[in-house]
Amino acid sequence: MTQIDFLHLMPLIILTLAALLNMLVVAAWRNHKIIYVITAVSFVAAFLSLFELRGITAHAIEPLFVIDGFGVFYIGLILATALVISMLSYAYFEQREEQKEEYYILLILSTLGACTLVISTHFASLFLGLEVLSVALYTLISYLRTRERSDEAGIKYLILAAFSSAFLLFGMALVYYSTGTMTFAGIATAIADLQELPLLLLTGFGMMIIGIGFKLSVVPFHMWTPDVYEGAPAPVTAFIATVSKGGVLGLLIRFFMEVDGFRYPTLITIFSIVAIASMIAGNLLALLQTNVKRILAYSSISHLGYLMVAFLAGNRLGVEAVTFYLVAYFITTVGAFGVVAMLSDTERDAELLEDYRGLLWRRPWTATAFTAMLLSLAGIPLTAGFVGKFYVLAAGVNTQLWLLVAMLVLNSVVGLYYYIKVVAVMFQQPEAEAEPRPRLRPSIYLASVGTLAVLTLLLVLVGVYPAALVEVIQQVFASAPVMAGR
Amino acid sequence: MILLWMIVILMAGGLLAWLSKKWHPELPRWIALFAVLADFILAVYLWLSLPASTLGASPWLLQLEIPWIPQWGVNFILALDGLSLLMLLLTFFLGILSVLVSWREIRTKSGFFHFNLLWVLAGITGVFLTMDLFLFYFFWEVMLIPMYFLIGVWGHANRTYAAFKFFLFTQASGLLMLLAILGLYFIHGSQTGIYTFNYFELLGTALAPEAARLLMFGFLAAFLVKLPVVPFHSWLPDAHSEAPTAGSVILAGLLLKTGAYGLLRFVLPLFPTAAVEFAPWAMLLGAVGIIYGAILAYSQTDLKRLAAYTSVSHMGFVILGVFAFNEWALQGVVMQMIAHGLSTGALFIVAGFLYERLHTRDMGQMGGFWAKAPKLGVFALIFVMASLGLPGLGNFIAEFLTLVGSWQANNWLTVVATVGIVLATAYSLRIMQKVFYEPAPSDHHLPDLSAREMLIAVPMIALILWLGLYPQSVLDTAQPSINQQLQAYQEPEAKEKVAVVEVPAVELKVEKAENK
C-alpha cells in the first residue's frame, strides 16, 4: 500500500483508531462523557477527511476497494448518520444504569463495517465489512441486557444473521466456482458474453440475494425486523434501520451496476417480486400494529420496497433516485427514532401508541418534529420524503415499470393510513394529565433537542429546496465510472 | 411578485398566528383576519386596476417565474388570468368569513386552528395560481394536511373517521394525478428533449390517443374525487358535516372548486381529443349527480349533511357544463363556482349559527325560528332561494348559462339536469319549512344575529344579489381565459364554428340586460 492509498482510506483508518483509543480509555478510566466526545470527534474527523476526497475520479486499491464519488457520498452519509445517532444515544444512555462506554466502541465498529461495504469491489472485503457490521450489531441489539425483550431480539438477530451469512458465503463460493474470480470487475468480464445465466451461477446469485435481502429486511427475509426493532434500544434501532441498510444497499447497487445484472430477466423478476411483496406485506402488517417501534419496523420494510422500484429502473436516474430517497429516509428515520429515544424513560422505551396520546398538547415541539417525520415517511409535500418519493416515481415511470409504480402508489395510500393514525393519536386530548417526568441535566437534554431540531430543519429544507442535494448527487455520480454510459 | 406575496402573507400569517397564542389568546384571530384581509385587498386592487385593453388580447395578466429545481425542469411559476383572479377573490372573501365565523366557535387551541386555516388558504391560492405541474401537485397536497387537522381536531363527534376518509380519498386520487403528470413530463421530454413541468410548454404535447386517454384519467381521478362526481362522492357528506363551520365553508366553497378549476385549466386544454371522447360519459355522471344529490339531500335530517348533498347536486352542473365545450356552458361553470361557493358557504354558516345556539344539527328538533330570529330567517331564506335557483340571485345565472350551453351539446341529459332544479326547489323549501315555519317542537332560547354575525351575513347577501343582477363584470373577467381553454376545440373546425361562437357572445349581453 502506498501513501496515496492510506490517504484515500483515511476515514476508515480514523474510525479504527478511534475504536482502539476508546478501548484503551475504557480500560484506564470509565467516563461516559469522555468516551462520547472521542466518538463524536472521530466521526466528525472522518467526515471532514472526506472533503479531501471530493471530486476524485476513482482510486482503486487493488483488489479490495475502490474509492470513487459514489463511495465517498455513501461513506459521508453513513458517517453523518452515525454522528447524529451518537448524539441521540448520549442522552438516552445517560439515564440508564448499565455500563455505557462499550456501546460507543461497538457503534464505531459497526459504522466501520458499513463504510467498508460501500467501497468494496471484492467478495473478501464485502464479507469482511458485512461481518464487522453484524458482529458489532449482535451486541448492540441486546445491549440493555436487563430489559425484557432484549435477549430475544439479540438471539434472533444472531441466529438469522449467521444463517444468512452462510447463504451469502455459499452463494459467493458458487459464483467463484463458475467464474474463477472474486472481484466484481472480474465477474463482470466473465459473464459479459452470457445471454442467460447458467443454473449454477443463478443459484449463486440467488443465494447472495438471500444474504443481502436479510440485511435489507425485504420480504420474505423480513421476519426478524419487528422483533429486533422492538427489543433493541431506540438509538440502535435507528442504526439498524439506516446505517446497516444503507451500507448494504450501497454495496448492492455497486455490485449490480458492475456486473450489469439488469440484463437478466430472471434477476429482474426476483427483485420485482421482492419489491412488490415488501411494499404490500410491510404496509398491510403495519396496519395491525399498536406499537410505534413495530409500526416503524414494518414501514421500513415497505420503504425498502419503494427503494427497490428505483433500483430496478437500472439507469442513472434510478440510482440517483435511490440515493436521494436514502438521504430523505435516513433523516426521517433517525428523526423518528430520535423522538422515541427522547420520550423513553429509564424502564422502557416509549413505544406504545398510548405513550403518544395528546403529545401535541404536552410537548408541542417534540410532537411537531415527530409529525414532520411521519408526514415525510408518508411522502407529503414540504418534506424530504415527498421529493424522494417523487424521484422514485419519476425513475419508475421513466423506465415504464408500470406494475411496480402502480403498487407503489397503492401502497402509499395504505401507508398513509397508519402514519396518520399515529399523528391522530398525538392530537387527541390526553385522558389523564400525566405527571411531568424529571428532566435530565439541561446540557444533555439540549444535545437531543438540538439534534432533532437540526433533523427537522434538514427535512423541510430538502423538501422545499431539493435542488442543492440533487446537484450534489448528480455531480458525485458523474465521476463514478460504474455509472458511465448509463 | 404580488402573486408570491399573496401566498407568503398567508403562510407567514399562519406561523405568526400559531406563535402569537403565547402572548395573547385573542391575537391569532386578529392576525389571521388581517392576513386574509390584506390578500383580499390585494386581489381587489388587481381586479380594479386591470386595464380593459389587456382583456381579450392575451388572457394572462401577471406572471412570475423563478427556477426552483432546474435539474428536473421545475420552475416556480405563478400566473394570473381572469379565471384565477375570480377564484382568488372568492378564496379570500370566504377566508375572511371563515375567520369571522370561528371567532366564538373555536375556543380551544386557537393558535393552531388559525395556522391550519391560513395554510389551507395558502394551498388553495397556490393551486389557483401555479402554472407548473410539479408545483400544482405540491400545492394540491399542501392544502390537504391542514384541512385534515381542521376536521380531525375541531370537528364534531365523528371527526376522526371523517378526517381519515377525506384524507385517504383525496390523497389516493392525487397520487394518480402525480403519475399522469410524470407520464406527460416524460412523453413531452422524449419528444422535444426538453424535460419541463411548465404548463405552457406542455400544452402543445402531441399524444397518442391511448396515452392521452390514460393520462387524462389520471388527472380526472384527482379532480372528479375532489369535485365530487357521484360514484366518488362518499367522503364529502362525512367531511362536510363533521368539520367545524369554517372547515365546512372552506371545503364546500373552495376545495370543491379546485376540482372544477383543475378540469377547466388542465383537462380541457391538455387532452382535447380524449376529453371529447369522454364527454358523454362525463355529462352522464353530471346528470346522475344532480338527481342523486338532490334526492339524498331531500332525505337528510341533519342540516349540515343536507347542505353537503346539495353540493353534490350543484357540482353535477359543473361537470355537465365543462364537458359541453362551449362558451355559454363554461361561463355558467365559472358563475356556478362562485355562486355555489357563496350560497353553500352561507348555508353552512346558517347551520353553524344554529349549532352554536342549539348544540344540535338535527332538523327534527328545530322549528318556529322565523318569529324568534327574523334576521337569521331572512339570511337563510335568501340563500335557500339562491340554492334553488331563484332569478335575481347568482345561482340562477349560473344554472341557466350551463343548461343553455349543455343543451347544444346533449339535449337529453340537459332535460334530466333541468329536472334536478325542480328537486332543488323541494329540498330547499324543506329547510325553510322545517327550521323556520313549522311550530317549534321545544322551546329554545334563540338570540338573533349579533353584530359580528350581521357583518358576515350582509356582505354575502350583497354579493349574491350582485352576481344575480349584474353578472356582466364577472363574465367579462372570465371570458378571455375561457376562450383560451377552449382554443383547442375551436381550431379544427374554426370556420364553421366562428359564426356560432360569435353570436352567443352578443346574445349573452342582451340576455343580461333583460335580467337587470
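Computation of the quantities below employed the complete heavy-atom set of this structure, encompassing side-chain atoms and omitting hydrogens, waters and symmetry-equivalent molecules. All chains are named by letter (A, B, ...) in the order of the sequence lines, taking the proteins before the strands, and each is independently numbered beginning at 1. Bear in mind that the values here come from a model prediction, so they are computed numbers and not experimental data.
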Let me know if [X] has heavy atoms under 4.5 Å from chain A in its side chain, its backbone, both or neither.
X      : answer
B/W140 : neither
B/F164 : side chain
B/F139 : neither

Checking B/Y137 against A/F386 for the ring pair (Phe, Tyr, Trp, His ring centres under 6.0 Å) test, could you report, in this order, the C-alpha distance in whole Å, the side-chain angles of both residues, the deciding distance, and whether it holds?
CA-CA 11 Å; B/Y137 179 77; A/F386 164 70; 5.7 Å; yes

Structural part of A/V423 lying under 4.5 Å from a heavy atom of chain B:
side chain

Proximity breakdown for A/E471 and chain B, heavy-atom pairs closer than 4.5 Å:
both

Would you mind telling me which of A/L393, A/V464, A/I420, A/V413 has the largest number of heavy-atom pairs within less than 4.5 Å of chain B?
A/I420

Could you tell me if the side chain of A/L360 sits less than 4.5 Å from the side chain of B/F149, heavy atoms only?
no

In the structure I gave you, are the side-chain heavy atoms of A/V397 and B/Y185 within less than 4.5 Å of one another anywhere?
no

Side chain to side chain contact (heavy atoms under 4.5 Å, CB included) evaluation trace for B/V74 with A/F390
CA-CA 12 Å; B/V74 175; A/F390 179 83; 5.5 Å; no

Heavy-atom closest contact (A/A394 atom, B/L182 atom, distance):
N-CD1, 3.7 Å

Minimum heavy-atom distance A/S412-B/L175, with the two atoms named:
CB-CD1, 3.7 Å

In sequence, state the C-alpha distance, the side-chain angles, and the governing distance for A/F427 and B/Y148, and then conclude on ring pair (Phe, Tyr, Trp, His ring centres under 6.0 Å).
CA-CA 11 Å; A/F427 278 75; B/Y148 167 81; 7.9 Å; no

Highest number of heavy-atom pairs under 4.5 Å with chain A among B/T108, B/L168, B/L178, B/T160 belongs to B/L168

Worked check of side chain to side chain contact (heavy atoms under 4.5 Å, CB included) between A/W361 and B/K109
CA-CA 9 Å; A/W361 319 119; B/K109 298 145 205 155; 2.9 Å; yes

